[in-house]
Amino acid sequence: AKSGYDHYMKKEIHEQPRAIRQCLRGRVDELEGHIALEEVAALEPEGTVQFVACGTSYHAARYGARLLRQRGVQTQSFLASEYTADAVPVSDETLVVGVTQSGETADTMRALREANGAGATTLALTNTVGSSAARECDHVCYIRAGPEIGVAATKTFASQQVALALVAGALTGDASPAFLKALRELPDQVQTILDSSRAREIADAYVDADAYFFIGRGDAAPVALEGALKMKEITYKHAEGFAAGELKHGPLALVSGETPVFAILTEGSKLEKTLGNVKEVEAREAPVVAVTDAPEKVGRYADHVLEVPSSHPQLTPVLANVQLQLVSYWVANRLGRSIDKPRNLAKSVTVE
Ligand code: F6R
């Protein structure tokens, strides 16, 4: 069932080009210059769009919320376990989007039920046909990633990001030709990364570190959070992700020559500013790994570069994440961890 791969996680990382292609199929019309997402065609959100989700799906939600906000829509993102419709103003103009791969996460289900009870319109963004979320919500959009066995979410995260990019374009009618073209090119670009990544070398170089930090700004900030979560889950090592600007407000105290810092420095994520943060950690002798589509600009500030193809600035975070998945995978592999079934974790969390 692992088709020659050592782990489902590795197989699923490598299935991402196909997963993204399936997510896009029939939904992008480059000739007409628009996104045809029937699932949300009836929705014209007048009010705020609220996102509720947990874990990796929450990181996807944060990313999707940014893409909508950049198209003029007011958004809020909530950890589902922190969402209570009585504390968060909801009206019949509010659209609440539950981002949940399994469609069964108890915290997310509770938030969606409350939102429905409070009169909001609800949309489930899920991978699972007929799931609780799909049944609870007024509207459903499937991410079409195919089954994911590894407990650590990989291809479902990529598919959530892509589906949310489609939702952002479809809800607002704002999808430029460059954005549509970049969506079409994503699967091949992910394949290029899978074929050429140097993540394994980086993992070998830093497998003994006690802690890892991940920083990124703007659209890349949610991917920094996701990079750290993946590292924690499968390596059992201390890892933290931050919006790059937050580093100096506390976490910098933890940075030393022993803590590799993965900096997402992609065009469109204010890379000049993030470079300022990179210099701060370098002054503390931390090794820096740049994940970038602009190696000529940032290469000299980094000890290592993990390159990603250039894309639309709002979509490069999808590519950067793939490099970070591979680094975590190879660190966990070197450590001999139970990659597909990390200790204490379950694929679907059905308790609150
Ligand atoms: C991390 C991971 C979890 C899930 C979270 C929500 O790799 O898989 O953080 O993302 O439990 O799950 P869903 O998306 O099924 O609601």
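Both ligands and their constituent atoms are indexed starting at 1 by order of listing. Along the sequence shown, residues are numbered consecutively beginning with 1. These values consider heavy atoms only, across backbone and side chains, with no hydrogens, waters or symmetry-generated copies.
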Which heavy atom of the protein is the closest neighbour of [atom], given with residue, atom name and distance?
| atom | value |
| --- | --- |
| atom 12 (O) of ligand 1 | Thr105 OG1, 3.4 Å |
| atom 3 (C) of ligand 1 | Thr56 N, 4.1 Å |
| atom 15 (O) of ligand 1 | Ser102 OG, 2.6 Å |
| atom 5 (C) of ligand 1 | Cys54 O, 3.6 Å |
| atom 11 (O) of ligand 1 | Val349 CG2, 4.1 Å |

Which ligand 1 atoms, with their elements, are less than 4.0 angstrom from a heavy-atom of [X]?
| X | answer |
| --- | --- |
| Ala153 | 7 (O), 8 (O) |
| Ala152 | 7 (O) |
| Gly55 | 9 (O) |
| Glu233 | 1 (C), 2 (C), 7 (O) |
| Lys230 | 1 (C), 7 (O) |
| Ser57 | 10 (O), 13 (P), 14 (O) |

| request: Give a yes/no verdict on a cation-pi contact between Lys2 and Tyr8, requiring under 6.0 Å between NZ or CZ and the six-membered ring centre and an angle within 45° of the axis. | output: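 Ring-cation test returns yes.
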
| query | Does the cation-pi check pass for Arg62 over Phe51, that is, NZ or CZ under 6.0 Å from the six-membered ring centre and within 45° of its axis? | reply | no

[X] with [Y]: basic N within carboxylate O range, under 4.0 Å:
| X | Y | result |
| --- | --- | --- |
| Lys237 | Asp210 | no |
| Arg113 | Glu136 | yes |
| Glu280 | Arg284 | no |
| Arg198 | Glu307 | no |
| Glu12 | Lys155 | no |

| said: Among Phe214, Phe213, Tyr206, exactly one meets ring pair (Phe, Tyr, Trp, His ring centres under 6.0 Å) together with Phe262. Which residue is that? | reply: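 Considering Phe214, Phe213, Tyr206, a ring pair (Phe, Tyr, Trp, His ring centres under 6.0 Å) with Phe262 is found only for Phe214.
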
| message | Heavy-atom contact check, 4.0 Å cutoff: does Val151 meet ligand 1? | response | yes

| query | Any non-hydrogen atom of Lys347 lying under 4.0 Å from ligand 1? | reply |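 So Lys347 does not count as touching ligand 1.
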
If I apply the N/O under 3.5 Å rule, does [X] come out as touching ligand 1?
| X | answer |
| --- | --- |
| Gln160 | no |
| Val99 | no |
| Thr100 | yes |

| Mind checking what makes ring pair (Phe, Tyr, Trp, His ring centres under 6.0 Å) contact with Phe179, not counting sequence neighbours? | His312

| field | Pair Gln16-His14, side-chain donor/acceptor within less than 3.5 Å | value |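 Side-chain D/A pair, Gln16 to His14: absent.
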
